[in-house]
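Reminder, nothing fancy here: chain letters follow the sequence lines and each chain counts from 1. No hydrogens, no waters, no symmetry mates; every other heavy atom, side chains included, goes into these values.
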Amino acid sequence: MTLIPIQQHIADIKKALETSGRAVVQAPPGAGKTTHVPLALLDEPWLKNKKILLLEPRRLAARSCAAYMADRLHEKVGQTIGYQIRLDRKIGPDTRIEVVTEGVFTRQIQADPSLEEVGLVIFDEFHERNIHSDLGLALCLESVEALRDDLRILVMSATMDVAAVSTIMDAAPVIVSQGKSFPVKTTYLPPLNKQNRTVPIETTCALAIGRAMSKNSGDILVFLPGVGEIKRVASLLEDTLDSGTHVFPLYGNLSQEEQAMVFWPLTSGKRKIVLATSIAETSITIEGICIVIDSGLMRVQRFSPQTGMSRLVTIPVSKSSADQRRGRAGRTAPGKCYRLWSEHDHQLLKSFIKPEILSVDLTGFALELAAWGVSEPGQLKWLDQPEKASFDQAKNLLKILGAIDEKGQITPHGKKIVAAGLHPRLAHMIIKADEKGQGLLACRIAAFLNERDFIRFDQNAVDPDIRLRLELIEAIINKQKILQQGIKTNKRIIHRIIKSEKNTAKKLGIKLKKTDPEMAGRLLAHAYPDRIAQKRNNRDNTFLTASGKGTFFTQTNTVSINEYIVALHLDGNPRNAKIFLAAPYSKKELELDFSKDFKTGQIIKWNKKTGMIQATKDTFFGALLIGQQAISDIDHEKACDILIREIKKTGLALLPWTKRLISLKQRGIFLKHTGRFADLPDMSDTALEKQMETWLKPFLTGIFSLKQLEKIDLESAFLSRLTWKQQQAIEKNAPTHITVPSGSKKPLTYCRENGFLNATILDAPILEVRLQEMFGLTETPKIAGHAIPVALHLLSPAGRPVQITTDLKSFWKNTYKDVKKDLMGRYPKHFWPEDPLCAMPTNRVKPKTRV
DNA sequence: CTCTCCCT
């Protein structure tokens with residue numbers, strides 16, 4: 001028998017556990033730690049014949065390593081060695097080593113925090129940093145501190161920051177072991193640039209595969225981020241490969257049969273290319289791989305506390321993942337690894353993967369802590385503290401579900417939820433559904449949502465309706481043949497769902513057996529109240545969720561035709577999320593189950609279309625407007641405020657200005673502008689708008705529409721800002737008209753664009769008058785207390801402009817002679833005296849016939 | 001072309 005690397009460290013591990021009670025073992029894959037360490041420790045005196053718990057991250061691993069250990073003892077599983085995973089338990093009265101998945105361990109320690117029958121807990125593959133192992137270790141450490149000082153803890157992992165683990169375990173001794181593997185030569189092949197653009201990863205990958213094939217022999221494993229990339233690379237290869245090479249896709253959503261094809265040995269002389277996701281990094285081992293090609297990318301779930309939803313993102317792998325991938329080429333012989341990034345970029349990679357505790361939905365995690373009696377994670381020891389925003393979001397959801405109270409303490413309902421061993425949303429749904437006699441359907445829906453979708457559609461036949469899935473499950477239960485065009489089903493997943501549904505129903509004591517798929521939406525609304533969504537006005541296939549987010553279907557379908565839906569799987573786009581799975585819902589169902597959460601408020605607002613103030617009593621469920629009732633008795637004060645807001649928005653022109661009032665306003669502004677009448681109030685539009693509350697508001701009482709606005713007494717409102725004296729001052733110093741020598745009254749223009757509210761006020765008002773009407777007047781007429789001469793626009797008999805002046809005296813004296821000469825030529829029959837100051841002014845348009 | 005992996 002070959003030497004197992006971990007065996008030379010067993011003595012150190014025993015000693016560390018005996019004296020410190022805690023230890024950390026770092027050993028690469030292939031060191032044999034998972035199966036050798038637990039068996040080697042079984043007879044240690046400090047164990048006092050108590051059990052060893054071995055925690056595994058995957059069900060498959062738990063089952064197979066229990067089988068391996070039992071085999072080494074020449075026993076069957078269930079004797080000394082047993083295991084317990086979800087839906088499967090093989091543990092007998094003599095079992096000393098229990099191999100359990102991490103989730104099972106959480107249930108065990110919650111049920112019995114002191115773990116009475118256990119002497120040692122081993123965390124295997126701790127470097128994966130699943131949220132369950134982080135939680136398990138934290139609870140275990142507290143149990144040791146408070147209840148069980150003789151309980152021992154061993155953490156085993158591949159490469160990770162073992163020093164940090166040792167620290168939170170009170171400086172536990174660290175034991176490092178070598179692995180057993182063959183050297184792998186690494187080549188960096190970064191994507192090329194073409195026309196300043198990086199060549200897509202699929203093309204780069206296909207090129208690298210061609211190069212690897214020509215330079216080496218043996219089978220190839222290619223790591224890609226997802227199904228899309230796998231399919232695209234496969235189609236690129238189709239064109240270039242000969243018949244001696246076979247391409248196999250490998251990803252989680254393939255059926256077991258399709259996955260098994262990867263392992264079939266090929267006839268001699270043929271080569272295998274496996275295009276895989278990160279599933280081949282740890283979960284699945286393929287023999288005979290000599291070459292690894294690594295795209296350097298992976299797809300992971302990111303939870304967003306803002307939206308409360310998770311979405312998939314494609315990110316660069318960590319150095320530890322890249323090394324793990326490379327190691328796949330050196331399992332049986334020396335190998336080669338091509339990395340599709342540069343050596344420089346390699347330095348920029350993160351050392352380790354981001355632990356789940358920092359990136360996933362924490363709802364279940366927060367409820368486990370509440371069940372443990374902890375409302376803030378800071379009360380326990382963590383390698384990485386969960387982020388506050390995510391944890392708060394989780395607590396908020398738990399409050400909505402009624403699982404914790406305002407203080408963050410678990411409620412009786414929360415205790416039922418945590419015992420169900422499901423996501424809190426789903427457990428809550430089942431409990432609520434059972435009250436309606438639909439517990440079994442809820443168990444089925446929960447089981448379905450826990451699995452991946454078992455339907456694969458042909459081309460564009462996508463259907464996001466959950467009822468279709470429920471009917472297919474029902475058909476399988478009733479042993480009916482599935483005859484649906486355009487879809488393929490994965491029966492293995494359906495059978496797992498049925499098994500899981502039965503298990504949950506049994507665990508929660510659900511008796512009633514009837515199921516009605518039409519109830520799906522009503523049940524799911526309890527699980528996802530924040531994703532109840534309402535169709536948006538005039539926009540096909542778009543919906544608004546109760547949490548105020550936009551969502552849409554890519555095409556019309558049996559769910560999208562409803563006014564209300566429950567959107568289940570969304571792509572996580574925070575602005576406008578694509579819906580992959582949904583259930584129909586209705587206003588009636590919403591009213592039946594959520595009326596206690598409805599909020600009502602009186603809304604008074606301006607209706608642009610009707611030009612009226614409109615008062616309604618609005619009923620909301622979150623962001624959704626459920627009902628609206630008109631109110632006839634509108635609050636006057638609020639109506640005034642809305643009118644004022646509307647006038648400020650649209651402008652003062654909304655008010656019924658008269659010519660007289662506009663003139664008064666302009667003359668007021670003119671006078672104030674001269675600086676000689678400082679006590680006058682500011683009558684500009686800006687000032688009037690700013691002070692509307694004081695001068696206009698009292699006159700708006702009882703006004704509710706634009707039409708009514710036309711009837712208000714604007715003059716009184718405007719004059720209320722002026723004293724009697726000020727009004728008189730304006731009339732006297734900025735008159736509307738001036739009487740000229742001919743005796744006619746001529747208007748003064750104070751503004752450039754007369755008649756408009758926003759007109760520009762002139763420095764001097766304009767007086768337009770025929771030149772002949774001014775005969776005999778020496779001085780320019782003056783206003784504003786004889787301080788400002790008007791701007792005289794002197795006109796010909798026909799009213800054409802002849803001259804502009806503010807100095808009439810100088811005009812008569814200097815310019816008149818030339819003007820007269822010109823005018824006499826054009827209007828020979830008119831009177832053009834030599835001395836205009838002694839002549840009689842005239843306002844006659846037509847000349848006298850007699851000379 | 002709708003989506004990585006895993007678990008109570």
Which class fits the ring pair A:Phe365 and A:Trp382: parallel under 30°, tilted 30 to 60°, perpendicular over 60°? tilted

Send over the distance from A:Leu449 CG to B:dC3 P, rounded to a whole Å. 18 Å

Specify the separation, in whole Å, of atom CZ of A:Phe126 and atom P of B:dC6. 20 Å

Atom-to-atom span, CD of A:Glu229 to P of B:dC1 - whole angstrom: 14 Å

Checking B:dT8, B:dC6, B:dC5 against the side chain of A:Thr277 (C-beta onward), the nearest is B:dC5

Euclidean distance, atom CG of residue A:Asp571 to atom P of B:dT2 [Å, nearest integer]: 10 Å

Whole-Å gap separating P (B:dT4) and CD (A:Glu128): 19 Å

Mapping A:Glu56 and A:Gln301 onto DNA chain B by nearest heavy atom, which one lands closer to the 5' end? A:Gln301

Just so I know, are the side chains of A:Arg467 and A:Thr558 near enough to count as touching, which here means a heavy-atom distance under 4.5 Å? yes

Below 4.0 Å: OP1/OP2 of B:dT2 and any side-chain N or O of A:Thr554: no

Between A:Leu349 and A:Pro316, the two heavy atoms sitting closest are CD2-CB, 3.8 Å

Side-chain N or O of A:Arg107 closer than 4.0 Å to phosphate OP1/OP2 of B:dC7: no

How is A:Ile131 classified with respect to the nucleic acid when contacts are heavy atoms under 4.0 Å: base, sugar-phosphate, or nothing? nothing

So, OP1 or OP2 of B:dC7: does either fall under 4.0 Å of a side-chain N or O from A:Arg59? yes

Need to verify one output field. Residue with the more 5' nearest nucleotide on DNA chain B, A:Glu102 or A:Arg232? A:Arg232

Base, sugar-phosphate or nothing for A:Asn450? Non-hydrogen atoms, less than 4.0 Å. base

Rounded to whole Å, please give me the gap between CG in A:Asp361 and C1' in B:dT8. 14 Å

Nearest listed nucleotide, side chain of A:Leu312, among B:dC5, B:dC3, B:dC7: B:dC3

Check every atom of B:dC7, B:dC5, B:dC3 against the side chain of A:Tyr251 and return the nucleotide holding the closest atom. B:dC5

Of the candidates B:dT8, B:dT2, B:dT4, the side chain of A:Phe580 sits closest to B:dT2

Starting at CD of A:Glu451 and ending at P of B:dT8, how long is that distance when rounded to a whole Å? 11 Å

In whole angstrom, give the distance that lies between atom CG of A:Asp88 and atom C1' of B:dC7. 15 Å

Sole residue of A:Val155, A:Leu55, A:Leu54, A:Thr35 in side-chain contact (heavy atoms from CB on, under 4.5 Å) with A:Asp124: A:Leu54

Using a 4.0 Å heavy-atom cut-off across all strands, classify A:Gly421 as base, sugar-phosphate, or nothing. base

Side-chain contact, heavy-atom cut-off 4.5 Å: A:Arg86 with A:Val104? no

